[in-house]
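Counting convention: from 1, in listed order, for ligands and their atoms alike.
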Amino acid sequence: MSSNRRNFLTALGATGAVSALAASKAMAQSSSQAAPAEAIFATPSAESRALTGKVAIVTGARANLGRAFAQAFARQGADVVVHYHRAETIGEAEETARLVREQGVRAALVQGDLGQAANVKKMFDVAFNEFGQADILVNNAGAIVKKAIADVTDEDLEAMININTRGSFLCTREAARRLSDNGRIINIATSLLAGAAPNYAAYAGSKAIMEEITRMGAKELGGRGITVNAVAPGPVDTPFFHSMETPQTAEFAAGLAVAGRLGVVSDIVPIVEFLALPSAQWITGQTIWINGGYLTR
Ligand SMILES: NC(=O)c1ccc[n+]([C@@H]2O[C@H](COP(=O)([O-])OP(=O)(O)OC[C@H]3O[C@@H](n4cnc5c(N)ncnc54)[C@H](OP(=O)(O)O)[C@@H]3O)[C@@H](O)[C@H]2O)c1
């Protein structure tokens, strides 16, 4: 065993993580492989503007989670394609673009129903026409319904399948065709995929494809350095969640997290931001449950 490694293990056993970190750093400094060891302990904030020169596409980014992801990528130096769905929400989408540009990077807007392949192609065309490439895709767009299986209408089912299933697949297919090497696909799924909440079968069922796209996509695209991961939030305090809940059911959902509160947008952003960074290269094919500990899998 090398003296470096012995020092590292001694520190781990004797004095815990802090000493282990110090030992690891010392080991890195005296090793010819200093960069990887340092990278292990790097945090997103340590990688200032690590996405400079990259282009991110965020679907459903007029507000809420999508807007926050767009802002996070902009803070890291990426240009951002801000996708929005309904034409009448252009004002909100423009505000997202303004917040992106505030970070000194470029933003482009694109509108459309992503359940239609032509709109998905158009979204990537905007990335290429405006910025010359696409490096990061966040499949954030989604729709929700909370009804007992017996009450789900044909229209409800079609709406869920349109964006949560077909839209997510079409966006991932376009990304598989056009994303740069070392790119990133991040699927915003739901913690309901690890739980079993009544009345969410149509929503969670239509989102279930995201885990499969993640696992298969990681295998298919890994050879090009592209990582594919799913982030699966628990209840997040946005109108999307509240539109399906009463104050009483929202309070019940809040009580499921160990801190007894709903998630907020800023709880979800850091992991999505991190997964886009170069230092997240070794994380792929995973679903990351982020729900304040209300369930794990
Ligand atoms: N909030 C939560 O509790 C929670 C928990 C777990 C997962 N999530 C997921 O997080 C994502 C963002 O949710 P959010 O809370 O930030 O709500 P949100 O702002 O309403 O995000 C959903 C976005 O998807 C867009 N969209 C809906 N149908 C579309 C379609 N056919 N084509 C293209 N875009 C479409 C919506 O646009 P329009 O409004 O114009 O239709 C909206 O911008 C969703 O995928 C959701 O499933 C949310």
Side-chain angles (χ1 to χ4, degrees), residues 57-72 81-96 109-120 122-123 137-146 155-172 174 186-195 197 200 202-211 213 230-245 249-250 252-254 256-257 261-269 271-272 287-292 294-295:
I57 299 173
V58 183
T59 71
R62 67 169 171 78
N64 307 313
L65 286 168
R67 174 183 284 171
F69 300 150
Q71 284 180 270
V81 175
V82 174
H83 161 269
Y84 64 106
H85 176 213
R86 289 169 296 134
E88 61 267 32
T89 64
I90 186 168
E92 288 177 87
E94 279 174 342
E95 174 62 8
T96 301
L109 289 177
V110 61
Q111 184 261 329
D113 175 355
L114 297 177
Q116 297 176 27
N119 288 332
V120 174
K122 181 178 78 173
M123 184 172 72
L137 168 70
V138 182
N139 276 320
N140 172 71
I144 191 166
V145 67
K146 182 181 184 184
E155 292 74 23
D156 291 333
L157 191 58
E158 173 52 26
M160 294 303 103
I161 290 170
N162 181 56
I163 183 60
N164 296 343
T165 306
R166 187 165 46 241
S168 300
F169 192 93
L170 291 175
C171 289
T172 303
E174 202 67 15
I186 303 166
N187 296 310
I188 308 303
T190 165
S191 280
L192 289 168
L193 299 183
Y200 275 121
Y203 170 64
S206 63
K207 281 232 160 207
I209 193 172
M210 291 187 131
E211 277 208 277
I213 295 170
V231 169
V236 182
D237 193 2
T238 71
F240 184 93
F241 168 74
H242 288 290
S243 68
M244 296 294 129
E245 305 295 341
T249 59
F252 175 77
L256 296 173
R261 66 164 175 84
L262 292 174
V264 292
V265 168
S266 58
D267 290 323
I268 313 302
V269 171
I271 187 66
V272 172
T287 298
I288 298 168
W289 311 98
I290 172 159
N291 52 40
Y294 98 78
L295 55 82

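The heavy atom nearest to atom 39 (O) of ligand 1, out of those in R67, Q111, R62, is found in R62. Nearest-heavy-atom check against atom 2 (C) of ligand 1 across I144, V236, L192, L262 picks out V236. When the options A204, A189, G142 are ranked by their closest heavy atom to atom 7 (C) of ligand 1, first place goes to A189. Taking only non-hydrogen atoms, the option from N139, T96, I188 nearest to atom 10 (O) of ligand 1 is I188.
Residue-level proximity to ligand 1 for P235 is carried by the backbone, the only part with a heavy atom below 4.0 angstrom. Using a 4.0 Å cut-off between heavy atoms, N164 makes no contact with ligand 1 at all. When heavy-atom distances to ligand 1 are checked against a 4.0 Å cut-off, T238 comes that close only through its side chain, counted from C-beta outward. At a heavy-atom distance under 4.0 Å, only side-chain atoms of Y203, from C-beta outward, approach ligand 1.
A salt bridge links E245 with K146: at least one charged nitrogen is closer than 4.0 Å to a carboxylate oxygen. Salt-bridge check for K122 with E174: failed, with every basic side-chain N at 4.0 Å or more from each acidic carboxylate O.
For ligand 1, the atoms lying closer than 4.0 Å to a non-hydrogen atom of R86 are 38 (P), 39 (O), 40 (O), 41 (O).
Within the model, atoms CG of N162 and CG of D113 stand 4.5 Å from one another, a figure rounded to the nearest 0.5 Å.
Looking at heavy atoms from C-beta onward, T59 lies in side-chain contact with M123 at the 4.5 angstrom threshold.
With respect to atom 20 (O) of ligand 1, the closest heavy atom belonging to the protein is F240 CD1, 3.5 Å. The protein atom (non-hydrogen) at minimum distance from atom 19 (O) of ligand 1 is N64 ND2, 2.8 Å. Scanning the protein heavy atoms around atom 41 (O) of ligand 1, the nearest turns out to be H85 ND1, 2.8 Å. The single protein non-hydrogen atom nearest to atom 44 (C) of ligand 1 is N140 O, 3.2 Å, given as residue, atom name and distance.
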